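Every chain is numbered from 1 and lettered A, B, ... according to where its sequence line falls, protein lines coming before strand lines. Just so we're clear, the structure is a prediction, and the values are computed from it rather than from any experiment.
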Protein chains: 2
Amino acid sequence: MPQAKTNLFEDDLQELSQLFKALGHPARLQILKFLSKQNTCFSGDINDIVPLGRTTVNQHIAELKKAGLIKSSTQGTKTNYCLNNDGISKLNQLGISFLSEIQCSSCNTNEC
Amino acid sequence: MPQAKTNLFEDDLQELSQLFKALGHPARLQILKFLSKQNTCFSGDINDIVPLGRTTVNQHIAELKKAGLIKSSTQGTKTNYCLNNDGISKLNQLGISFLSEIQCSSCNTNEC
DNA sequence: TTTATTTGGCGTAAAAATACGTCAAATAGT
DNA sequence: ACTATTTGACGTATTTTTACGCCAAATAAA
């Protein structure tokens with residue numbers, strides 16, 4: 001049985017630091033910023049704007065997803081990524097103004 | 001000559017992600033929070049409150065220092081650490097409310 | 001049905017972060 | 001002068017992160 005990994009730190013610190021960690025890479029900030037501009041949820045050609053290989057970008061995307069900051073839906077071969085209000089609202093609650101502009105209108109409706 | 005390491009990302013993204021990265025570990029958040037409570041700048045027995053070995057804590061302290069979020073001064077064998085308004089104000093500008101309470105009154109005067 | 005696109009998954013190399021132990025210097029206390 | 005404290009510095013083992021290349025599945029296009 002995999003041990004429950006005792007938390008050395010209080011849960012809120014743990015959670016908060018996870019959020020900050022997710023923001024701790026320029027590529028990921030760039031992706032979030034980009035997604036916030038495309039108020040129509042855009043596909044994974046985030047690749048075109050991030051100066052890194054596709055695989056690497058995918059990894060960063062996966063991390064943002066894991067952190068609950070973005071989500072995805074598939075349309076054919078393409079995948080649409082958009083901001084996840086669940087996570088973004090956490091940031092807003094923290095008052096992170098850098099991302100205050102981040103509100104994807106078409107997200108969290110049903111379009112993506 | 002060590003090459004100037006071309007920046008793949010825009011400077012503001014780079015700088016911002018560095019800040020977030022510094023906040024991306026529970027121990028470092030704990031330290032910042034602790035320092036904000038001790039409005040009298042307190043010494044390096046941050047060790048007592050962080051559930052990690054002394055050397056490790058020192059490393060985290062060093063990172064916070066590198067990020068410009070804290071600073072230190074020596075008194076005898078002891079070292080006083082306190083928040084560095086230079087860095088903290090950056091956070092405040094970002095609107096990070098978690099740390100809004102962080103204002104070390106006696107810091108940045110001359111007491112530490 | 002072939003062929004091209006778009007992705008996710010897997011493996012992996014290199015670098016960075018994390019967590020310590022040990023040691024040595026500075027200084028405070030006896 | 002000797003001893004104990006408090007630190008920073010150094011080395012190092014592990015783990016994570018970062019960055020890719022390659023392959024395979026799904027679907028769109030020819």
K.L.:
Short question: side chain of A/E10, backbone of B/P26 - any donor-acceptor pair under 3.5 Å?
P.N.:
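No: the side chain of A/E10 does not pair with the backbone of B/P26.
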K.L.:
Check whether any side-chain nitrogen or oxygen of B/T79 sits under 4.0 Å from OP1 or OP2 of D/dT7, and answer yes or no.
P.N.:
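For D/dT7, neither OP1 nor OP2 has a side-chain N or O of B/T79 closer than 4.0 Å.
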K.L.:
What nucleic acid atoms does A/K21 come within less than 4.0 Å of, heavy atoms only: base, sugar-phosphate, or nothing?
P.N.:
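Contact class for A/K21: sugar-phosphate only.
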K.L.:
Just how far, in rounded Å, is C1' of D/dG8 from CD1 of B/I61?
P.N.:
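Result: 11 Å.
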K.L.:
C/dT22, C/dG9, C/dT6: which one has an atom nearest the side-chain heavy atoms of A/R54?
P.N.:
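Closest nucleotide to the A/R54 side chain: C/dG9.
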K.L.:
Can you tell me how far C1' of D/dT27 sits from NZ of A/K78, to the nearest Å?
P.N.:
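In whole Å, D/dT27 C1' and A/K78 NZ are 12 Å from each other.
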K.L.:
I'd like to know if the side chain of A/T56 reaches the main chain of A/L52, judged simply by a donor and an acceptor atom lying under 3.5 Å from each other, with no hydrogens or angles considered.
P.N.:
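Answer holds: no.
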K.L.:
Check whether any side-chain nitrogen or oxygen of B/H60 sits under 4.0 Å from OP1 or OP2 of C/dA17, and answer yes or no.
P.N.:
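Looking at the OP1 and OP2 atoms of C/dA17, neither is under 4.0 Å from any side-chain N or O of B/H60.
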K.L.:
Before accepting this row, confirm whether a basic side-chain N of the pair B/E63/B/K21 lies closer than 4.0 Å to the acidic partner's carboxylate O.
P.N.:
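Looking at B/K21 together with B/E63, the answer is no, because their closest N to O distance does not fall below 4.0 Å.
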K.L.:
A/N58 has an atom CG; how far is it from atom C1' of D/dT17, in whole Å?
P.N.:
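To the nearest whole Å, that distance equals 16 Å.
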K.L.:
Taking the nucleotide of DNA chain C with the closest heavy atom to each, which residue, B/G53 or B/T77, is nearer the 5' end?
P.N.:
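Result of the comparison: B/G53.
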K.L.:
Please figure out whether B/T55 or A/E63 has its closest DNA chain D nucleotide nearer the 5' end.
P.N.:
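Closest to the 5' end, via its nearest nucleotide, is B/T55.
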K.L.:
Side-chain N or O of B/Y81 less than 4.0 angstrom from OP1 or OP2 on D/dT7?
P.N.:
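Checking D/dT7 against B/Y81, no side-chain N or O comes under 4.0 Å of OP1 or OP2.
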K.L.:
Expressed in angstrom and rounded to an integer, what is the separation of B/F9 atom CZ from D/dT18 atom C1'?
P.N.:
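That distance rounds to 11 Å.
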K.L.:
Whole Å only: how far is the CD atom of B/Q59 from the P atom of C/dA17?
P.N.:
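Rounded to whole Å, this separation is 10 Å.
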K.L.:
Name the orientation class of the two ring planes belonging to B/H25 and A/F9 (parallel below 30°, tilted from 30 to 60°, perpendicular beyond 60°).
P.N.:
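Geometry flag for A/F9 against B/H25: perpendicular rings.
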